[in-house]
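The residues of the chain are indexed from 1 along the displayed sequence. Predicted, not measured: the structure shown is a model, and the values here were computed from it. Order of appearance sets the numbers: ligands from 1, and atoms from 1 within every ligand.
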Amino acid sequence: MATTNTQRGFTSNLGAILAAAGGAVGLGNIWRFPYMLGQNGGGAFLLVYVFFVLLIGVPLMMTEFIIGRRSQSNVVGAYRKLSNGSKGWMLLGVFGIVAAFLIYAFYSVVAGWTLNYIVLSCSGGLAGKDPTAITTLFSDFTQGSFWPLLYQLLFLSLTATVITMGVQKGIEKVSKVLMPILFLLLLLMCVRSVTLDGAAEGLRFLFKPDFSKLNGTCILSALGQSFFSLSIGMGAMVTYGSYIRKQDKLFPTSLWIAGCDSLVAILAGIVIFPAVFAFGMNPASGPELVYIVLPNVFNSMPAGTLFAVIFFMLLGIAALTSTISLLEILVAFGVEELHWKRRTASFVSTLLVFVIGIFCTLSFGILKDFHIFSRTIFDLFDLITASYLMPIGALMMTIFLGWFFPKAEVRDELSNGGAIKAKAFELYYFVLRYLSPLALIIIIISGIIG
Ligand code: PFF
């Protein structure tokens with residue numbers, strides 16, 4: 001099929017935006033963001049989060065895109081090429097690969113849960129159950145071994161199938177279909193939620209900041225969440241950046257992606273909190289918020305089964321477009337660096353992730369008392385990646401592009417070889433060189449000191 005695009009990646013700007021927004025929008029927006037916000041005091045967390053997205057998230061996403069598009073490479077190849085073969089900088093790429101493995105391993109556990117909940121809600125298995133029964137259902141399922149592992153494997157296989165179909169026919173096509181469906185389903189859920197009696201209390205919780213609730217942990221969590229949600233700091237956006245066409249504008253593209261991502265997080269909050277408050281549930285219940293609290297909410301509302309099906313489908317779609325971007329990091333590396341076939345790279349990466357993922361799944365069941373640094377394996381992977389690996393990866397990336405890579409080349413990439421003006425270049429460069437590293441250093445140190 002003839003297209004005007006002769007390069008390796010996406011065929012259009014819209015395709016790039018939807019694929020990268022698909023990578024960004026995920027369980028992080030619909031599962032993690034609401035419970036983080038619930039545990040960290042509501043509206044104030046939202047403000048800090050949006051502030052980080054704009055101040056650090058968007059420039060860092062541009063940074064990853066510049067590195068990816070300039071090098072036309074996977075994350076390891078990107079640093080090798082742009083640093084003229086420096087082993088040290090290549091390690092930064094390897095760091096990204098390790099982070100992708102760890103994230104994919106624990107992420108696929110929760111992604112697998114969504115499959116179980118889609119099946120449960122479609123078959124009426126949640127309907128009519130009292131709160132105790134719903135809690136028992138969740139803990140029996142997650143503490144088991146066979147079913148959660150099977151669903152995890154199914155989700156990993158689904159992702160591998162899409163990835164094997166290729167960048168244009170797999171990632172781009174699937175994102176173009178699934179992302180609009182995701183938005184539609186989400187809007188439908190919002191209408192349902194805000195028209196419930198007592199919804200206003202939930203909206204107040206989400207949007208009215210109470211700054212007395214802000215502390216160091218809150219701020220670090222908001223930063224971690226913004227990295228995790230935008231998929232920044234470990235190479236996902238470097239990989240996707242290498243697929244963006246040379247004529248596409250990187251600044252508006254990044255803004256669109258970050259905008260979609262934050263919008264979905266806020267819409268998820270608008271779905272969840274009014275419903276949680278309307279039915280007197282606890283907004284700070286943590287990771288089980290969407291798996292225990294929401295099924296109870298659905299059971300108490302008219303046409304609840306239908307809304308349960310819609311909700312878990314949209315959660316599954318969000319998870320899938322993200323697992324696709326996680327696997328693509330690994331597969332692009334396997335294909336370009338190790339010269340494997342795409343199919344082999346998908347298979348081997350999926351298998352390895354599953355092997356590590358088994359420990360994450362079992363850390364809810366037979367390994368739940370096995371703690372490292374007083375955390376389960378699952379919690380440890382979540383904490384290490386979102387609060388440490390991603391910020392550290394991002395810091396190294398800003399140092400590379402801001403301090404080691406020639407400024408003229410950064411300008412050249414951002415202005416598409418001089419074809420566009422890139423008016424805010426100096427501002428971007430200032431943020432890249434000074435503001436982002438400084439903010440990242442402060443946050444990483446304060447996280448370590450605790
Ligand atoms: N951004 C995804 C989410 O919010 O669910 C998680 C994620 C996907 C992180 C891909 C990193 C990544 F490379």
E64 with R69: basic N within carboxylate O range, under 4.0 Å
no
Please tell me if the side chains of Y151 and F141 come closer than 4.5 Å, counting only heavy atoms from C-beta onward.
yes
Answer yes if the side chains of Y243 and E328 hold a donor-acceptor pair under 3.5 Å, and no otherwise.
yes
Would you list the atom pairs, donor with acceptor, under 3.5 Å between side chains in residues 35-57 and any protein atom, with sequence neighbours excluded?
unit_1 : atom_1 : unit_2 : atom_2 : d
N40    : ND2    : M36    : O      : 2.9
Y49    : OH     : S229   : OG     : 3.3

Can you list, by chain and residue number, every protein residue with a non-hydrogen atom closer than 4.0 Å to ligand 1?
G23, A24, G26, L27, G28, N29, Y107, F228, S229, S231, M234, A236, S322, S325, L326, I329, M390
Would the distance check show the side chain of T321 and the main-chain N or O of G23 forming a donor-acceptor pair, the cut-off being under 3.5 Å?
no
Please verify the inter-ring angle class for Y291 with F138; under 30° counts as parallel, over 60° as perpendicular, anything in between as tilted.
parallel
